[in-house]
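Below: one structure, written as C-alpha cells.
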Amino acid sequence: MENAGRQTQILTARDAGLVGCRVCAKVHLRGTAKCVRCGSPLRSRDTHSLQHAMAWLFAGLVMYIPANIYPMLLTTTLGQTTENTIIGGVIDLMHHGSYGIAAVVFVASVLIPIGKFIAIIYLALSIERPGSTSPHRRQQLFEVVEFIGRWSMIDVFVVAILSALVQLQALATVNPGIAAISFALSVVFTMLSALSFDSRTIWDSNRAAKA
Amino acid sequence: MTNPEPSEMDIEAPGRPFWRNLSVIWLVPILALVVSLGVAWQSYSGRGELIEISFKDAGGVTAGETTLRYRDVVIGTVETIRFNGDLSKVIVSARVDQSVVPYLDESASFWVVRPQVTTRGISGLSTVLSGVYITGDWDTKIGTAKLRFDGKDVAPLVAPGRKGTRITLRGDDGNILSAGAPIIFKGIEVGRLEEPRLTDSGNSVLVGAFIDAPQDKRLTTATRFWDTSGFTVKFGAQGFALDVKSLSSLLAGGLEFADIYEGGQPIPDGYVYTIYPDEETARKSLANRTISDGINLTIPFDDAISGLAVGAPVRFGGVQVGEVSAILARSGANPDNPTGPVQLVANVVIDPVQMGMNEASGNGEMLDFFAGEVEKGLRAKLATESLFSGALVVDLVRVENPTPATLRRDGQPYPILPSVPSEMSDFTATAEGVLKRINSLPIEELMTQTTELISSVNKIVSSESTQALPDEARAILSNVRTLIADDATQALPGELRAAVADLRAVVTDLRSAGAIESLTSALKNADRIAANVATASDQFPQIVEQIRTLTEKANALKADELVASAQALIDSANKLVDSDSTRALPASLASALDEVQKILVDLREGGAITNVNATLDSARKAADSVASSVDKLPQLTDRLNTLLSRADTVLSAYGERSDFNDETVATLREIRDAAAAVSKLARTIERNPNSLLIGK
C-alpha cells in the first residue's frame, strides 16, 4: 500500500471539485449547500472535525476513569451486597476458572476502549504530522475503530440485561453501578469521537505532507 | 499558459482568536469532567469517616461485607479487620456515614448482632441469612467525636439516649437476677436489668437497671425493690396459694418495686437500692431505707450480741426507727474508762423521720431529744425479734428507776447511748427446753395408739348394742329423773341436813362430854387391837389349816354310819312298837320305846351330827351348835343309860330266845352300840370341847 500510495496520485473529490454527502454518499458539485437527496449539509472538509473528535475523546476518557474505579455491578445475594468493578470482575472470573469469559470481558471492556483512545489520538496526531504510516493504513485503522466501537457496549449490555432479569428480591438482585453509566457514556463519547473524525482529512494531510 | 495567472490564493479569514475556533462541543468533555469530578468529590466527601472498633472476637464479621447499622439503617461498611498490637483484640475498621459521625461520642456503643435465643424471645434472626452486622447506638446529642471505640460483647439492654433513670441494685444473691430480667411496677414492665456483677469485696451482687421514663419518676427514696422470680407457694390459713408472675420472670427472674411510704425524696441517677427477697420483707424494711440524714449512735452492750446483725432494726416502742449500721468489738468505748475491757458495740443510725421529726432538723436537735430521753430513763436493750428466731433487735425502752446515765456526746465514734442488760437469755433457754421436750414426746407412738383407739371406737360405735345404748341411757335418765322427782329423794337433802345437824349435835355433845379423850383412848385401843389383829392375821393361815384338819376329821367321824345306825334302830324300834306283840308289851317298855323315840327325835332335833356336818363351813356357827349339843349330851347320855338299864331289865324279863327277842336283842345291841358311841362322843366332847374344833 505504501508503494501504491507513493505510486498513484490519488485524486480526491475535493481536487475534482466535488463533494460527497457523508450521510447518503451522493456526490455533488462543490458549492452545493445541501444534499439534494437527503438534505444534510454538504461540506468538503469539516474544519472542526479534529476539534470535535478530540473533545468527544476527552469526554470519553474522563468518563472512562470512574467506569473503572466505581463498581459496575451491585450483586445482592441473600442480603450480602457484592460490588464488582470491571477489572475486579475480570479477576473474579479468572479465579473461578472462566478464562474465556474473562478474556472476552477484558477485551471488550478494557482493551477495545483503550485501543480506541489510542487509535483516535494517533489518527488525530497523524493529520498534523503524518508519520510513516500510509493513509490507507490509517483509513483502515479508522474503519476498524468505527466498526469495533459498538462492541465495547457488550459490557453495558450484560449489565443491563442482568439488572433487568435478576431481580429476585431478597434472594438475588443485580443493580448497575455508577461505572455502568460511566462506561456506557465513555463508549458513546468515543463512538461520537470516531464519528466526528473526518476521515477525509487523512488523505489531505497525506497529500499536504507529500507536497 | 502564456499569461501567468495569479495563483489561486488561499484566502483565509483573518486569524480568529483561539477561543473563536473552539467548538461548543468542548462543553461536552468539560461537562463530563465536571460530572465526574462531582461524582468523585461526592463519593469522596460522602465516604465517611473511618472509625475503629475493637472487639474480643470478630465472629462472622467480613471485611467489605459486614455493614454497620444504626436503627437498622446501614450507615457504613467494615473495611478492614486486623489485630491490635498484642493480638488481644480484633480491631474492625469501618467507614461510617458522614452524617452520623458527629454523634459518635462517648455515648456510642457498638456490638455485633448475632442470632440470639433468650427467655425474652429470639432476636437477630435476620442475621442467619444476611450474616452478622455491627449495630451502633448513641444518644441524640452531638458530643466530642471519637474515632476509636470499644465494642461490646452483647447488645446493651438500654439504648443510649433513652429517657429514663439508671439505678444500681444491690442483692445478696445473683442467681435471681439475669441480664434483661424485667422490672415490674404494678404488673407493667418499666425497665430491665443489666448483667449482674460482684462487688469488689465479693459480699454482694450489684446489677445495673434502667427504668424508662416516665415511670422513673416513681423512684424515690421510699422505693423498695423485691424479687418476683420463680413462684411462691404459700400454705396458710387461707389454704394453698401458688403465685406465679410472668413467664419471663419465672425463667429469667424479675424485680418489682413500689413506694412503701409517702414522702420519699427524688433520687439521683445511679442511686443504689437493696433487693429484698420478697414483698413482705421489703415492706417490713421500712426503717431499712437508706437513712441519709439519720443520726448515728453508739451503743455498748455487756451481753453477748450474737444474733444481732447489721441491718437489724432499732425499735422505739415497737416501731422501727433505725437500723444497726455496724457491730464491732472495741476497747475504750466508754470515754470514762478509755483503757477499759473490750466491749461489744453496735453503731445504729436513727431516722429522724421515723422519730416524727422533720428530716431537715439537724443532728443537734435529735441529739438533744435523745439526751432528754436518756435523762428520763431511755436505754437500749437487746430483744429477740420473734419467739423462734435467734435474731436480735435493739429496743429503745424506758427503764423504771434507771441508774443515772447521760447521752455521751463525746463518745467514739458516735454519741453513746447507754444500754441495759436484756432478759431474753433465760427465755431463750426455756424456750429451747420446751422445744426439746416437745421434740422428745412420743408423738409417733401416740399417733399409733390414737389410730388404734379410733378404730376401736369406730367398731364400738358402729356396733348395734352401742347404738341401742342411747335408748337405754334415756330409760335410765328417765328413771333417774323419776327418782329425783320422787318426794323421798327430794326429801333426802333435808334428811341429810337433819342428819348432819344431828351428827353435829352428837359431835358437840361428844366434845362437851369429853368423848374426844375417850374416843382417843378407844382409838388407841383400836390401834392395839388392830395390832393384835395383825398378829392374829399372821396366824390366820394356821387357823385355816386347823379348820381344814378339823373338817377332815369331822368327815372321818363316820357320822353317816352313826345316823344310818340310828335310823336302822329307829326303824326297828318303829317296827317293834307297831307290831301287835309289841303293843302287848308292858307300858314300861312302851314308855321306854317312847323314850327311845324321844331320844332319837331329840338326837335328830339336837342336830348335833347334822349341825356338825352343816356347820363345818362356818367355824363359829359350828362351835355354837356344838356347844348347845354338848349341853344336851349329858342328858342324852343319862337317858341312854336309863334306857339301857331298862332295856336290860326287859331283856332279862323275856329271857327266852324268840324272833322278837332276837330282833329286840339286835335292836338293843345296836342301841347300846349307838349309845356307847354317843356316850364316847359325849365324853370326848365333855372332856375337851375344843377337840371338836381343833380336831384333837
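Order of the sequence lines sets the chain letters (A, B, ...), proteins ahead of strands, with each chain counted from 1. Excluded from the calculations below are hydrogen atoms, water molecules and symmetry mates; all remaining heavy atoms, backbone and side chain alike, are included.
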Would the number of heavy atoms belonging to other residues, nucleotides or ligands and lying under 6.0 Å from [atom1] of [X] be above 12?
X	atom1	result
B:Lys152	NZ	no
B:Glu106	CD	no
B:Phe55	CZ	yes
B:Tyr103	OH	no
B:Lys141	NZ	no
B:Ile81	CD1	yes

(message) For B:Ala40 versus A:Tyr70, what's the shortest heavy-atom pair and its separation?
(response) CA-OH, 3.5 Å
(message) If I compare all heavy atoms of B:Ser36 with all of A:Val62, which pair ends up nearest, and what's the gap?
(response) OG-CG1, 3.2 Å
(message) How long is the straight-line distance from CZ of A:Phe58 back to CD1 of B:Ile30, given to the nearest 0.5 Å?
(response) 8.5 Å
(request) Enter the distance from A:Glu83:CD to B:Thr77:OG1 here, rounded to the nearest 0.5 Å. (result) 7.5 Å
(request) Please flag which part of A:Ile65 lies under 4.5 Å from any non-hydrogen atom of chain B: side chain, backbone, both or neither. (result) neither
(message) Can you tell me which of A:Ala55, A:Ala59, A:Ser196 forms the most heavy-atom pairs within a distance under 4.5 Å of chain B?
(response) A:Ala55
(request) Would you sort out whether B:Trp26 and A:Met54 count as a side-chain contact (heavy atoms from CB on, under 4.5 Å), showing the intermediate values? (result) CA-CA 9 Å; B:Trp26 279 103; A:Met54 288 309 280; 3.9 Å; yes
